[in-house]
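Structure, as structure tokens:
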Amino acid sequence: MLDDRERCFLESLARCRPLLRSCALGDTPPPHGYQLHAALSKTGLLFLSSISSNISTALFHMYAALGPPASALRAFEEIPVAARFTPDWTALISCHIRHALPSRAILFFRSMLRAGASPDEVTLIALLSASARLSDNFSGDAAHLLFFKLGLPFTAASCNAAMDMYAKSSRMDEAWKLFKEMKNPTIVSWTIILTGALRWEGLRSGQEVFDRMPQRNDVAWTVMISACIEAGRPRDALGLLGEMLFDGVHMVWLNHVSMCSLLSACSQAGDLTVGRWLHTHFIKTTSFANNYKDHLLKVNTALIDMYGKCGRVDNALTLFERMPERNIVSWNAMLSGLSMQGMGLRVLHLFTRMVTEGEEQPDDITMVNVLSACSRSGLLEEGRSMFQELSLIYKITPKIEHFACMVDLLGRAGCLEEAESLVRAMPMQPNEVVLGSLLASCALHGKLELGRKLMQELVQLYPDNTEYHVLLSNMFAASQRHTEADDLRMVVKNRGIQKTPGMSFIEINGIVHWFTAGDKTHPQTIEIYTMLGEIVRRMNLAGYTIDAASQNSRVADNYLENGDEREEREQALLVHSERLALALGLISTKPGVTLRIVKNLRICSDCHSAMKLCASIFEREIIIRDRNRFHCFKAGLCSCSDFW
DNA sequence: GTAGGGTTAG
């Protein structure tokens, strides 16, 4: 007769294999599996030789499915050597791939062969996947060959895995060859080819593949959307959202990956309206799948980034504080949002909180955010000590990004000799960002000779970029050295200027209005230009004089194309795209309403002064996001303290 | 077992 205790053991024994299996499949929350493991070892059942190999295998598969890989490996080692079969090895390999450890996965594949186990189709697909992630031609080719050597079926899934390996190893010709030989390519096959085509052959070629796809699912759409974002075309990405939601008869759902991509497009484009729509949509449609916590973390982080970059750092903060779980990326996104608003002290405060609470260890990106916040807010001493702490306390090897921030911080503060020494002492070659930043500081502080030297270095490194000639020419002009200034302008004129046209938009009642410099295509053009005249009149009354020589901004839209005449240049300044957006904003909204403008380039210093004045004349808060940061103009002042 | 995300420097 069994007593209750024994009966209970036997019952749990009968149940534990299916229970472990359901943990592995994600049907049961992981704690149940872990508790079962604990119970099995505590009661000694795990060590009964008659059942242990079965149970230990089931336990291992649970850990292999859930991770972390170290636990999976520990559990694997509990399986008797003679009882380690092909699926067990495969699960061990796949577990390492899923946790971004492809090289360890390949090592385990070798151990598997040494142990005498024979790979099957699934093992080889895993090996192909590991090789793809590493762009490892050697193991990739070996995996492909083994299908034929071992006489294993080369199914659509195998072929897909091989194509993906070739595509990720920059061997698109091989990938295409396999694709063209396929009788029935699946949507996965198409998506692999689409991804590969986009990465080597470009947006156009990818678009051709996309157009030829017999069907498209959420993954295919997300691939296209992400490609637009990578190419710096966030509006195209958002255009695809519209197409995706009305893709004929197919209803495509936004999953957490597409959510993150689209939110990133909103961040880039500064599109708060679509960003908010996505937020609402996410709240309404999110399903509580077993991995929803992970999805929630990622989408929340993307939302923090979106709100930060769309000028609603307040919403970003609320979301950040309410998040059930945060990781280093969430902290970094929050720090970056505050930094873009010039809230340097709040960045330092949040950083201190992060370190003291010990929730996450700062990484290199955290430190870039902190240093650039110091630079943007002119926190010289704070930045200096953070740069020291970077390696001393946080054990991070400074990268070129960190040096770039320091050079910028020192240069803006007028410590140009120190900035230059740092550039020369850096363990790596200075790049365009570092030299360009120093050159801009020379322009700010009128250091002509150092500026000239830097420009020569920049021209040698980046001969196609004429932006530096413009910058230096402006420096000479500002110092009344017109001959040198004109010489440089001639170089630019002869070589042609390659520059993105300046564009701004303002959103009014959910409609986005775009402007280029001197734009006259808007239906309300007459009213807009009338308002511009009124703005100039009121600014003149307030004692404003245009300062065309001071437009030595790093990039100003419509610059130089408008001829060399002073009046023409002045005229061009008056119709910069952000001013047109401002004029429309002023005539289309009620008094006192905050105006939010997004510009694709840096705001020029003249428009910057004009915006400060307009904010006080018209008693409006004007928020402009330019390429680098936010400017909040209020009562004659800007949040950047004229330091940008 | 095969396809797609997030945070960073002028």
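Throughout, protein chains are lettered first and strands after them, A, B, ... in sequence-line order, and every chain is numbered starting at 1. Keep in mind that what you see is a predicted model, and the values were worked out from it rather than measured.
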Choosing from [options], which nucleotide comes nearest the side chain of [X]?
{"X": "A:Ser94", "options": "B:dG1, B:dT2, B:dT8", "answer": "B:dG1"}
{"X": "A:Ala404", "options": "B:dG10, B:dA9, B:dG6", "answer": "B:dA9"}
{"X": "A:Ser264", "options": "B:dA3, B:dT7, B:dT8", "answer": "B:dT7"}
{"X": "A:Val219", "options": "B:dG10, B:dA3, B:dA9", "answer": "B:dA3"}
{"X": "A:Val433", "options": "B:dG6, B:dA3, B:dA9", "answer": "B:dA9"}
{"X": "A:Ala333", "options": "B:dT7, B:dT8, B:dG1", "answer": "B:dT7"}
{"X": "A:Ser129", "options": "B:dG6, B:dT2, B:dT7", "answer": "B:dT2"}
{"X": "A:Ala157", "options": "B:dG6, B:dT2, B:dA9", "answer": "B:dT2"}
{"X": "A:Cys405", "options": "B:dT7, B:dA9, B:dG1", "answer": "B:dA9"}
{"X": "A:Thr191", "options": "B:dG6, B:dG1, B:dA3", "answer": "B:dA3"}

Nearest whole Å is fine: how far is [N] [atom2] from [X] [atom1]?
{"X": "A:Glu401", "N": "B:dT8", "atom1": "CD", "atom2": "P", "value": "12 Å"}
{"X": "A:Met340", "N": "B:dT7", "atom1": "CE", "atom2": "P", "value": "12 Å"}
{"X": "A:Leu152", "N": "B:dG1", "atom1": "CG", "atom2": "C1'", "value": "13 Å"}
{"X": "A:Leu422", "N": "B:dG10", "atom1": "CG", "atom2": "P", "value": "15 Å"}
{"X": "A:Arg602", "N": "B:dG10", "atom1": "CZ", "atom2": "C1'", "value": "8 Å"}
{"X": "A:Met112", "N": "B:dG1", "atom1": "CE", "atom2": "P", "value": "13 Å"}
{"X": "A:Ile328", "N": "B:dG6", "atom1": "CD1", "atom2": "P", "value": "17 Å"}
{"X": "A:Asp218", "N": "B:dG5", "atom1": "CG", "atom2": "P", "value": "13 Å"}

Phosphate-side-chain proximity, [X] and [N], N/O vs OP1/OP2 below 4.0 Å:
{"X": "A:Arg376", "N": "B:dA9", "value": "yes"}
{"X": "A:Lys168", "N": "B:dG4", "value": "yes"}
{"X": "A:Thr195", "N": "B:dG4", "value": "no"}
{"X": "A:Arg627", "N": "B:dG10", "value": "no"}

Below 4.5 Å, heavy atoms only, C-beta onward: do A:Val368 and A:Asp364 meet side chain to side chain?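 No, side chains not in contact.
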Can you tell if the side chain of A:Met244 reaches within under 4.5 Å of the side chain of A:Leu254, non-hydrogen atoms only? yes
Under 4.0 Å, heavy atoms only, any strand: does [X] hit a base, just the sugar-phosphate, or nothing?
{"X": "A:Asp363", "value": "nothing"}
{"X": "A:Arg326", "value": "nothing"}
{"X": "A:Val223", "value": "sugar-phosphate"}
{"X": "A:Thr301", "value": "base"}
{"X": "A:His402", "value": "nothing"}
{"X": "A:Asn431", "value": "base"}

Between A:Phe108 and A:Phe76, is the ring centre distance below 6.0 Å?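 No.
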Looking at the rings of A:Trp89 and A:Phe109, which for Trp means the six-membered one, are their centres under 6.0 Å apart? no
Do [X] and [N] share a donor-acceptor pair, side chain to base, under 3.5 Å?
{"X": "A:Asn217", "N": "B:dA3", "result": "yes"}
{"X": "A:Asp120", "N": "B:dG1", "result": "no"}
{"X": "A:Lys298", "N": "B:dG6", "result": "no"}

Decide ring-ring contact (aromatic ring centres under 6.0 Å, His included) for A:Phe179 and A:Trp190; before the verdict, give the C-alpha distance in whole Å, the side-chain angles of both, and the deciding distance to 0.1 Å. CA-CA 8 Å; A:Phe179 182 71; A:Trp190 277 98; 5.1 Å; yes
State, to 0.1 Å, how close A:His256 and A:His295 come at their nearest heavy-atom pair, and which atoms those are.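 Heavy atoms of A:His256 and A:His295 come nearest at CE1-NE2, 3.2 Å.
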List the atom of A:Cys374, the atom of A:Leu409, and the distance in Å for their closest heavy-atom pair. O-CD1, 3.6 Å
Pull up the glycosidic torsion of B:dG4 and say syn or anti, syn being anything within 90° of 0. anti
